[in-house]
Amino acid sequence: LKRLIIAPGYMQRDFIEGNRNRHQKPFSMFFICATFSALARYWLLSSLMNYYQVTNTTELFFFRHYMVFLYIGLIPVYALLVLLFFYQSGYNYAEMGVLLLYTLSLVFLTSPFIFLSKIIWPHLDTVYIEFPLYFIITFSNFFNRIPRWRVLLISLLIMLIAFIINEIAENLVIRIM
């Protein structure tokens, strides 16, 4: 985790280049961090809903039961998206998956702490705070052979498309529940 924080992108590349004994396995890290995030968001949202006397519990149910599984299902889609936009980098589909598993692990681990800002500003949508900066830094460091301005533009486009996919998937799951 320390390397994900202080060296985003470099740590993922280090793992892909074969230095695996120093790092947690990507899927187990992702699953642990996503589960922590889902449970923490559930508890925080539950507390906020009780405090503000809100009766709609659909979002609570989603975080408690489906969030982790939804993101596990979306990882292959996101990996394909990154592969399509960074095909010239020389990395394959599985390596893009590893990059995203590690990157999303840290995002999930930090998101409950950012979600705490909802205590002060209950209508703040924190998704815009958590993702963009870390993804841009990670992608800039990981794809260091591509000009930074190009990585920045591609990263923003990928995040926009991923955000749309994520919103559609979450709304679909919530609607089905």
Side-chain angles (χ1 to χ4, degrees), residues 1 4-5 8-9 12 26-46 48-49 54 56-87 89 91 93-118 121-143 151-177:
L1 284 177
L4 280 176
I5 295 169
Q12 291 93 322
F27 188 77
S28 63
M29 180 180 278
F30 172 81
F31 189 72
I32 290 166
C33 293
T35 302
F36 168 76
S37 178
L39 291 174
R41 282 180 175 230
Y42 166 76
W43 290 323
L44 288 168
L45 197 56
S46 175
L48 285 171
M49 292 178 102
V54 177
N56 182 2
T57 59
T58 307
E59 196 172 352
L60 272 176
F61 191 78
F62 170 76
F63 282 124
R64 186 172 182 195
H65 295 286
Y66 295 108
M67 183 183 139
V68 174
F69 297 113
L70 176 67
Y71 285 106
I72 288 171
L74 286 175
I75 286 289
V77 175
Y78 296 152
L80 180 62
L81 186 64
V82 174
L83 180 66
L84 290 174
F85 282 98
F86 286 109
Y87 66 92
S89 68
Y91 293 105
Y93 179 72
E95 292 166 336
M96 296 298 184
V98 168
L99 168 67
L100 288 173
L101 284 170
Y102 278 127
T103 304
L104 287 172
S105 294
L106 187 72
V107 169
F108 282 138
L109 194 61
T110 58
S111 68
F113 300 106
I114 296 170
F115 197 77
L116 281 172
S117 63
K118 284 189 175 275
W121 303 287
H123 301 293
L124 177 68
D125 194 354
T126 59
V127 74
Y128 303 113
I129 299 169
E130 320 166 340
F131 290 111
L133 186 60
Y134 186 73
F135 269 84
I136 290 170
I137 292 169
T138 300
F139 285 6
S140 293
N141 292 338
F142 187 82
F143 300 110
V151 173
L152 172 70
L153 291 176
I154 292 172
S155 298
L156 290 172
L157 183 60
I158 288 171
M159 284 184 290
L160 176 66
I161 295 169
F163 179 77
I164 292 168
I165 291 169
N166 188 58
E167 286 297 306
I168 291 169
E170 278 186 13
N171 290 334
L172 184 65
V173 169
I174 290 172
R175 197 173 317 129
I176 291 172
M177 297 186 317

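We use all heavy atoms of the structure for the numbers below, so side chains are in, but hydrogens, waters and symmetry mates are not. Since this is a predicted model, take the numbers as computed values, not measurements. The first residue of the sequence shown is numbered 1, and numbering continues consecutively from there.
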How far does [atom1] of [X] sit from [atom2] of [Y], to the nearest 0.5 angstrom?
{"X": "F85", "Y": "I158", "atom1": "CZ", "atom2": "CD1", "result": "6.0 Å"}
{"X": "Q12", "Y": "Y102", "atom1": "CD", "atom2": "OH", "result": "8.0 Å"}
{"X": "F163", "Y": "I168", "atom1": "CZ", "atom2": "CD1", "result": "10.5 Å"}
{"X": "L157", "Y": "L152", "atom1": "CG", "atom2": "CG", "result": "11.5 Å"}
{"X": "L84", "Y": "I154", "atom1": "CG", "atom2": "CD1", "result": "11.5 Å"}
{"X": "F30", "Y": "L106", "atom1": "CZ", "atom2": "CG", "result": "13.0 Å"}

Checklist line | Heavy-atom side-chain proximity of I75 to F27 below 4.5 angstrom | finding: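 I75 does not reach F27 side chain to side chain.
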Note to self: Under the rule for ring-ring contact (aromatic ring centres under 6.0 Å, His included), what residues qualify as partners of F139, not counting sequence neighbours?
What the structure shows: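 Counting only residues at least two positions away or on another chain, F139 forms a ring-ring contact (aromatic ring centres under 6.0 Å, His included) with F86, F135, F143.
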Margin query: For S105 versus C33, what's the shortest heavy-atom pair and its separation?
Written below: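 Nearest pair, atom of S105 first, then C33: O-CB, 3.3 Å.
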Notebook entry, point to check: Looking only at heavy atoms, which two atoms of L70 and A169 are closest? And how far apart?
Noted result: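 Looks like CD1-CB, 3.7 Å.
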Note to self: Taking CZ in F31 as the centre, count heavy atoms belonging to other residues, nucleotides or ligands within less than 6.0 Å. Is the count above 12?
What the structure shows: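 Atom CZ in F31 is not packed in, count stays at 12 or less.
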Check: What do the steps show when you test F142 against V151 for side chain to side chain contact (heavy atoms under 4.5 Å, CB included), and what is the final call?
Finding: CA-CA 10 Å; F142 187 82; V151 173; over 6 Å; no
Checklist line | Set of residues satisfying side-chain contact (heavy atoms from CB on, under 4.5 Å) with respect to L83, sequence neighbours excluded | finding: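 Partners of L83 by the side-chain contact (heavy atoms from CB on, under 4.5 Å) criterion, ordered by chain and then number, come out as Y93, M96.
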Margin query: Using modelled atom types and a 3.5 Å cut-off, is there a donor and acceptor pairing between side-chain atoms of N166 and backbone atoms of A162?
Written below: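 Such a contact is absent between N166 side chain and A162 backbone.
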